[in-house]
Each structure stands twice: as structure tokens, then as C-alpha cells.
Amino acid sequence: MSAEALPKTYDPAGTESRWQHAWETSGAFHPDPSAPGEPFSVVIPPPNVTGSLHMGHAFNTALIDTIVRFQRLRGKNVLCLPGTDHASIAVQTILEKQLKAEGQRKEDLGREAFLEKAWEWKAQSGGTIVGQLRRLGYSVDWRRERFTLDAGCSAAVIEAFNRLHEQGLIYRGEYLVNWCPASGSAVSDLEVEMKEVDGHLWHFRYPLSSGAGFLEVATTRPETLLGDTAVAVNPKDSRYAELVGQTLTLPLVGRTIPIVADDHVDAEFGTGCVKVTPAHDPNDFAIGQRHNLPLITVMAKDGSMNEAAGPFHGLDRFEARQAVVAAMEAEGFLVKVEPYRHSVPFSDRGKVPVEPLLSTQWFVKTEPLAARCREALENFDPRFVPERWSKVYRDWLTDIRDWCISRQLWWGHRIPAWFVVSETGGAITDTTPYVVARDESEAMAKAESIYGTGTHAHPLVLEQDPDALDTWFSSGLWPFSTLGWPDADAADLARWYPTSVLVTGFDIIFFWVARMTMMAGALMSAREGSGIPWIPFRDVYIHGLVRDEQNRKMSKSAGNGIDPLLLIERYGADALRFALVREVAGAGQDIRLDYDRKSDTSATVEASRNFANKLWNATRFALMNLGGQTPASLGEPDPAALQLADRWILSRLARVNRETAERYESYGLGEAAKGLYEFAWNEVCDWTIELLKRRLNPGDNPSPEALADQRTARQVLAKVLQELLVLLHPLMPHLSEELWHGLTGEPEGTFLALQPWPALDGAALNDGLEAQFAELIEAIRVVRNLRAVAGLKPAQPAPVQFVTGRGELAQLLQEATADITALTRAESVVVLDPAAAEAARGQRALAGVCGELQVLLPIEGLVDLDALKGRLDKDLAKAEKEIAGLAARLANPNFAGKAPPEVVAECQANLAEAQAQAELARRRLADLGG
RNA sequence: GCGCGAUUAGCUCAGCGGUAGAGCGCCUGCCUUACAAGCAGGAUGUCGCUGGUUCGAACCCGGCAUCGCGCACCA
């Protein structure tokens, strides 16, 4: 690319798609497991195929891609593996909704046709998502793309289920589960959300069987009284002590139920009597177990009342509630109704209250697995970043309940269990025997070994469990199923397991992180003897959520999501990525992305776009000034030829190189982004380029010295820019790739993405020089400020005088005279010692002080006296304020006595300087007055 | 109820023991041949409140307040 061909503003659209295409077709991110380099691997959290990606995914993507691109530059053998998740319940909900709109039910289609539709949906949604990920510039290996329901992942699920079952970690049984009537399936505890709702507390009287009165109970769910099998009181409650053991007659039903004593009951709450419905409430279930109470289920799986509900049979649970209350009132059992605000469990997906329902389901026995994970955590395995999330993880793994993994859904992994239905008259019942196997023939073999081969008239008949597995069961295998497990010899698995880091939001620590570690504990710990860790990732980097301008979590369901593509089209993928990463700071907090919904604009992303444009123009400047040369053809600058500004920026470059690498390495991504932004914009563009301009353009008939210096300036500019582009590449991959090619002239088949991280030039680091240069910058700023105060036109030259008694500073200014002239439009630059300045006293001049330096602009006749005085007054006030503070501190004997000597010394030095400043300002003011 | 986080400039957020910072916004002046998506200059804060530790606290410790989140949950 030539300088002339470069437009003045950066247009991301074409550039980004071109490099995305080039990277992918060249296989740049398709690693070879046998290639050299320390392995570094990440499996991406697979997005659900429920439509399209939102800003949260873009955020996650930006973070992961920054990390893996950095590691690639560091020479690691990097695998970043993409994929999507089948999201069993979510997708099925979507599809059923679609069917409903067409007046159909999934049963009308049948399982096979329904699954066909689901796969069609997957193809469409998955395609959209993959397109979005590509558009972000994700440097993943698309050739290894996976889907949780693909053949490999499915084989892994079957194997995992079998092994866990063999280990006794999976069992089937009848328990109270969270039943979602909307989706007609059991869900896990994690898929239940407690919501505060305004309800009622109904107080009912239950008559004692003896006829000697009543007990009063209160409930938020009157319909469940039909299934009551006891009333409980606290054993220490003297009011009811003698009633324990007696019985009541359950109203409407007429059943005789006992009064039991149980610690769970809070005597202080309400009347101290609790109706007990073991088949419809988890606490009551526990009470029922302790007291051997019968379980009476009064509700069907669709949320309606069943036969056991007698006259209420067929009513929906909420209709039944009203009907039961009415009946109770009619019979005189209703005491009162109070408004009552309480928590109700809702199904995450179905958006309806879940029903605790007795049901036969498959479970994972979690405690042994959780214990193993807790133990590993003692050794910081995995290591959470920020560390505080490890406590959240550990707490959840403590007192964990068994995990219900079966779902009455079609879309998902069908449970690899076969019922021997010939033993139970051809139907699957709760007592039908079953075998767990890898496939039907293995199941048959297993069944035959137990039940015999059957007879011709009564053959052994198997039927696979119709239910599917919880999606998170397969997601839990993701870090190893994607690498080839259960094939123990899989090259990818051998090379890249355990993965290096898992990057995900704190909202799925339980869903995913903990499930993955538990699954790995059961399935990968066999490798323990080999010395390879089984925990599926070394680090877990937890990030926050993207929130909208009103601080709400961005989500599709809330309708406040922002389509990342909208911002990408407007500002470019790099700008969006940079904006997202730059907002990340500190300890995994949420980030707020400002966004104007009316205009679809974002000031934050726009600022990043402007930064991209700044880099574009800096490179454009270089191309116009390197005389057609490249960094390689120019070569490294000769250290002996370097000027002050050269040595400064090279020192800064080396420091930024080191800092940036450290920040990328330690997940300080936001800091890395901010640091590079400041370095590039302020130090490279505002100072270095401005300082180099003069030397890059030596004018007509330049001297040999000027030509040599031009070459040095070109070398410095080329080196700084090229290195900066590498450091920025993880954050702005497309732009940096484009500019790097422009700068280096490398052919398309070579990629910045695969270059080595620039070696740290330790010799260039120079603290003293950087401090000195900061003084020079300050001096120039003071001059510019004085000019602005005086109202000088920018183009108008003015003489500049510096006064300082510090020889070293004087020498620095002397050396930089040409630079100062260029950057301050100085007519002349003179450096005086205080004695010489004394002789020149009385001249009309603008004066300013900075540190031990006095800056004078003697511009007779042009001076606005008031402005001049104002400036000096300001300087004086500032110095006096500082003097007051420092003097007070030093006057405190405790300070001198207890503070570290270097702090005291610094304080004294600062005081002396402030006093000198104040003195200078006073004398100048006096001069003006006279 | 238990736990976690936040509270700093108009906005979004850094800073986490030694005299308060950035970006955006705002004010002033500039189309200076890299960039007006820009350049130069400037203003802006009892660092939530309250005790304590310390020579010294935005920073450490105790309490309180407000907001947010997670877990648990009493019918």
C-alpha cells in the first residue's frame, strides 16, 4: 500500500472482512498438535443456538481472543476451539412456541419430525452465531468447530453416562423434583429462580377428630391441602404439646391425619401449626420422611389436579386454588385471608411457577464429585481470577444437592438406558427394570444376561428411555469431549488437556464451571497417575456482565440487548472489541456500555473508533515519511546516533512492551488496553511524531548530518510503530494486521497474528532519561500555556527564555532547543542562569514557573498585563498552598521522628522548591507593579 | 437471614498508606500538508457518612447508609 492510496479516515468494513478471510483460508489458527511450542488452549463457552449473539457474547469473545492472540504472539502452540450448545430446553421451548402459533403440538409431528425441525433451527441459528463470531475476528480454529449434539460429543455423553453409572454416581429414583408444567419436564435446582410475588396467606381451621375443637393453619397454596397428610407443630410448643399424636379430620377430603411434632416448625410464626403436604413441598417432604407420612400427589404433570383431588379433578392448579378456598369458606373452615408477599419458585425457561412434584428421574450423586473438587481447590486448582469467585464456587460445592439430569424433552441426548419392558407388560413404569449401555446391542446383551433371552412367544423387549439429558450434562464434558475424549489416544487431548484458561461470566459458575470440574473429577482423574492434572483448566477468568445505560443486565428476553453487529457496522469490530476490553478493570466487575437507542450510537465505541483512526493516520504519516523504506530495510537505529527524544521514546517503548506483556499475561486486559491507548496517542502521536517531523523533513539541499539524522528518525519511527502494532494486535487484530502489512510491505501470506512478540530491549530502559524528558515536556507546556494566556495567535513567533540554576536542566534545555523551537513556535530560545536573568530584570515578560524552572516570554508591547498578573497570581497561590501544607507537615515533630527519612527528605525538597517558586512569582509581580 | 460487590469530576470508571487521575462531556483558541474521528490550552471533586489505627487515610480496621448481585428461605 502506498501513502497516496491511503484515505484520511480508516474504513474498517473492507479491511476486517479481508483479513478474516485471509486468516481463515490460510489456516493461520489451525494448530498442529505435534508442532513445537508450549501448548495453550481455550475452549470457548459454546453459545446456545437460540437465535443470535448479544453483547455479552461479544464481550466474552473480545476477552478470550485478546488472550489467545497474545499467547500466539508469545510463541505458544495455541488452540482456541469454537462451538455451540444445543440448549435443550430453550430450543425446544422456542420450537414449541412456533408450533403453537401454527396450531400444532409436538406430539402431532412425532418425535422424529420434531427433531428434524430442531436440526433445521440449529442450522439456521448456529449459522447466524458462527457468522457473528467470525465478524468479531475471533481467532478460533473453525476446522475444529464442535456442537454439543454432534457425533463426537454425543459419543462422549453416552460414555460419560455409562462410566458414571458404573461408578454408582448416576442413579434413578422417585423424588420430589422441580417440575415445570410449561415445558412438561423436570428441571434442576439451578433452573429455578425465586421471585417475590404478592400473594395471600389463607388461614384455615382443621377440626380435631375428637371433636374437641380446631387447629388453625395458614397456607399460601390452599390447593395443596387436598394432599395434606399431617399437621406439624414444634415439639417445644407448650400450646400444642398434648395434641401431638392426636388426629385431625382434613376438611373437604375427610381424611384423618395425625398431628406430629417437628423441629422445622417455627412456633413464633403464625399459629405455630403447619399443614404438611409431603408430595408437594420440599420441606413437607422432609417432615414426611421423618414421620413416615404417606405421599399423596394431587396434581398431574400438566399442572392440573388429578383424580386424588376428588371434586377438583381436572381444574388447573390456580383455578383449584380459588375453588378450594371457596369450598373451605362455604364449609366455615376459612378463618381469614391476609395479603402476603412471599417467594415463589419460577421456572427459568417456562416462566411459570415450578411445581414440586414426586417423579421418577435420573440423578447424579454430586457429593463425592464435589468433595474431589473442593479438595483440588485447596491447591488453587483451578485458580480463579479474581480470586474471590473461588469462594462462590466452593460454597456452592458445599452442601450440594443431587443433580436431576433427566428431562422430559426430545431435543437433546437421549438417555442411554434401556427398559426391559417385556418384564412389565410392555410399558415403562417406575418399576420397570433397565440396563445402561453404550448402544442397543450392548443393552440387549446385558439384559439377556440378567433376564435370559426370552422365548419365542415372549421375547425380551427393550425400549430406550424416551427422556433426554440436561444440556449441562454434555456441556460439562465440553473441555475434553471437544478434544477427542473418550478416545484416550486423541492427539488433541494429549496435547491440549487440561486447557489453559476458561473465560466466562460469573453467572454460570455453578451451571458450567462447577459441572465441568465435577465431570472431569469423575472421568479424567484416571489420568492422575500420569501426573497430568484432571481439573479441566488451570485458570478460570471470571468477567462481569454487560449492562445497559440503566444498569440492567443486557439480554434478549429483557429486550434491552444491543446487537453487536449494529455497532460493528458503524464503528468496526476492532473498535467494539477495544471499547469492551478497555472498560474491564480491576476485579471482574460488570461493565456498562453507553448507547443511544435513538441514533444507535455509542460514545464509548466511537472513542475507540477514533483511536483506530488515530493509529491509521500515524501509520499514514510514517508511510509518507519513510521514503519508501520499511522497518526491515531501514534496520535498527545506531545507538550512538540517537537523539534525546529517540532515546526517550525507545525507553518508553521498552517499558510499555514489558508492562503490556505482564498485563495480558495476568488478565489485566483493561489496563493493557488503557496503557496502550495512552502510549500510542500521547507519547507516540502527540510527542514523538511531532518531534520527528523536523528531522524527517530536512528541507532542500540537506547537509550530510541532516541526512544521517533523517535516517535515524526514520528508523526510530519505523521501529516504534511496528512494535506498537504488535502490542496492539490482540486488542485490534484487523487494523493492526492491515497497518503492519502497510508498514512492513510483507506479503499477504505472512501474518502479524503469527509474528513473535518483540524482544524486550532492556538496554533502552532509562528511568533517569524518562524523568528528564518529563521535565522538558513540562517546560514546553508552560510556554504553550503562557502563549495561550497572552492570547498569542498560534502562528505568531515569540521569544522564549528559560531560567534555571540547575546545570543539568539547563543542559537538557540547551540540547533540546531545536525541539522546543518547533513545538512552541519560538522566535528564539535562550537558557539563562539566575545571575544573568537578574541582569535582565525589569523587562516586560510573561512569566511562569514549573519546578525549579522559570519560563519567560519577553514580548514587549504585546503583553496583556492583566493576563500576565493573573497567571502569576495563580502560580503564587498554588505555591503558597503547597508551602502551607508541607510546612505544617514538617512542623509536626512526630512526622520528622516517625516517617521514613526518604519521605521527610522529599518533603523538605518539595518545600524548598515551592518556596523558590513563590519567591520567583512574587518578584515578578513586584517587577510588574513597578 | 448469610455472603459478595459498588459508592471518587456532569457521565463512565481507574487509583488502594505519602500533596486527587483518565476517557467522554464542557469552556477558549486553532482547518499548523498524518489525523477536525484532529491540534493546543483550560475549568471541574469536604474521594457515601461516621468512629478508629497511623507522623500521615480515597486507600487499612469497626459501624452506618444507599444501590446492585448471589445463596438460603417461615407455612
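Only a predicted model underlies this, so the values are computations on that prediction, with no experimental measurement involved. Chain naming here is simple, since letters A, B, ... match the order of the sequence lines and numbering starts at 1 in each.
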Query raised in the report: In whole Å, what separates the P atom of B:U19 from that of B:A37?
Result: 39 Å

Requested in this report: Could you tell me the separation between the CZ atom of A:F895 and the C1' atom of B:G18, rounded to a whole number of Å?
Outcome: 8 Å

Query - Pairwise P distance for B:C55 and B:C13, with rounding to whole Å - result: 37 Å

Report summary line: A:E906 atom CD is separated from B:G18 atom P, nearest whole Å, by 11 Å

Query raised in the report: Does a side-chain N-to-carboxylate-O contact under 4.0 Å join A:E355 and A:R221?
Result: yes

Report summary line: With the side chain defined as heavy atoms from C-beta on, A:K674 is closest, among B:A14, B:C4, B:A75, to B:A14

**Report entry** Proximity to the side chain of A:P900 - top-ranked nucleotide from B:C73, B:G18, B:C24
**Finding:** B:G18

Report task. With P as the reference atom in both, quote the distance from B:U44 to B:A34 in angstrom, rounded to an integer. Result -> 34 Å

**Report entry** Rounded C1' spacing from B:C73 to B:G52 in Å
**Finding:** 37 Å

Report summary line: Quick note, A:N910 side chain, CB onward, closest among B:C55, B:A75, B:U19 is B:U19

Query raised in the report: Base, sugar-phosphate alone, or nothing: which one does A:V903 contact when heavy atoms must sit under 4.0 Å apart?
Result: base

Requested in this report: Report the distance from atom CZ of A:F506 to atom P of B:G70, rounded to the nearest whole Å.
Outcome: 7 Å

Report summary line: Atom CG of A:D507 and atom C1' of B:C71 are separated, to the nearest Å, by 15 Å

Query raised in the report: Hey, does A:Y393 reach any base, or is it just sugar-phosphate, or nothing, if we go heavy atoms under 4.0 Å?
Result: nothing

Query raised in the report: Do we get A:R205 above A:F214's six-membered ring, with its NZ or CZ under 6.0 Å from the centre and within 45° of the axis?
Result: yes

Query raised in the report: Whole-Å distance between B:G70 P and A:I542 CD1?
Result: 15 Å

**Report entry** Atom C1', compared across B:C16 and B:G56: separation rounded to whole Å
**Finding:** 15 Å

Report task. For A:K874, answer base if it contacts any base atom (sugar-phosphate contacts may also be present), sugar-phosphate if it contacts only those atoms, and nothing otherwise; contact means non-hydrogen atoms under 4.0 Å. Result -> sugar-phosphate

**Report entry** Proximal nucleotide (of B:C55, B:G23, B:C73) relative to the A:N894 side chain
**Finding:** B:C55

Requested in this report: Do nucleotides 31-40 of chain B as a string where each nucleotide becomes B, S or -: B if the base has a protein heavy atom under 4.0 Å, S if just the sugar-phosphate does, - if no protein is that close.
Outcome: -S-BBSBSSS

Query - Whole-Å distance separating the CG atom of A:D590 from the P atom of B:G68 - result: 13 Å

Query - Cationic N near anionic O, under 4.0 Å, A:E671 to A:R663 - result: no

Query raised in the report: So, A:D600 and A:R570, do they make that salt bridge, N to O below 4.0 Å?
Result: no

Query raised in the report: Would you say A:E902 has more than 12 foreign heavy atoms packed within less than 6.0 Å of its CD?
Result: yes

Query raised in the report: Contact class for A:R401 vs. all strands (heavy atom < 4.0 Å): base, sugar-phosphate, or nothing?
Result: sugar-phosphate

Query raised in the report: Looking at A:C685 and A:A618, what are the two nearest heavy atoms and their distance?
Result: SG-CB, 3.9 Å

Query raised in the report: A:K793 or A:T219: which one's nearest nucleotide on RNA chain B is closer to the 5' end?
Result: A:K793

Query raised in the report: With a non-hydrogen cut-off below 4.0 angstrom, is A:A795 in contact with a base, only sugar-phosphate, or nothing?
Result: nothing

Query raised in the report: Considering only B:A75, B:U19, B:C55, which nucleotide approaches the side chain of A:L886 most closely?
Result: B:U19

Query raised in the report: Hey, is A:E196 close enough to A:R341 for a salt bridge, meaning N to O under 4.0 Å?
Result: yes

Query raised in the report: Which stems does RNA chain B form, counting runs of 3 or more consecutive Watson-Crick or G-U wobble pairs with both distances under 3.5 Å?
Result: B:1-7 with B:65-71, B:10-13 with B:21-24, B:26-30 with B:38-42, B:48-52 with B:60-64

Requested in this report: Check whether the side chains of A:T398 and A:D395 place a donor and an acceptor atom closer than 3.5 Å, and report yes or no.
Outcome: no

Requested in this report: Could you tell me whether the phosphate oxygens of B:U12, OP1 or OP2, come under 4.0 Å of any side-chain nitrogen or oxygen in A:R592?
Outcome: yes

Query raised in the report: When we call it a touch if two heavy atoms are under 4.0 Å apart, what does A:S343 touch: a base, just sugar-phosphate, or nothing?
Result: base

Report task. Quick one: closest heavy-atom pair of A:C907 and A:R889, and the distance? Result -> SG-CZ, 4.3 Å

Requested in this report: Could you pick out which residue, A:M194 or A:N682, lies toward the 5' side of RNA chain B when each is mapped onto its nearest nucleotide?
Outcome: A:N682

Query - Interatomic distance at P, B:C24 relative to B:A40, whole Å - result: 12 Å

Query raised in the report: Looking across every strand, which nucleic acid part, if any, lies under 4.0 Å from A:V265 by heavy atom: base, sugar-phosphate, or nothing?
Result: base

Query - Parallel, tilted or perpendicular: rings of A:F506 and A:W389 (30°, 60°) - result: parallel

Query raised in the report: What is the distance from atom CH2 of A:W202 to atom CE of A:M328, rounded to the nearest 0.5 Å?
Result: 12.0 Å

Report task. Round to a whole Å and report the spacing from CD1 of A:I780 to P of B:G41. Result -> 10 Å

Query - A:R388 CZ to B:C69 C1', straight-line distance once rounded to whole Å - result: 10 Å

Requested in this report: For B:A14 and B:G51, measure between their P atoms and round to the nearest Å.
Outcome: 28 Å

Requested in this report: Ignoring hydrogens and angles, state whether a donor on the side chain of A:D263 or A:N234 is under 3.5 Å from an acceptor on the partner side chain.
Outcome: no

**Report entry** Inter-nucleotide P distance (B:C47, B:A58), Å rounded
**Finding:** 8 Å

Requested in this report: Side chain of A:A607 only, please: which of B:C24, B:C13, B:C4 is the nearest?
Outcome: B:C24

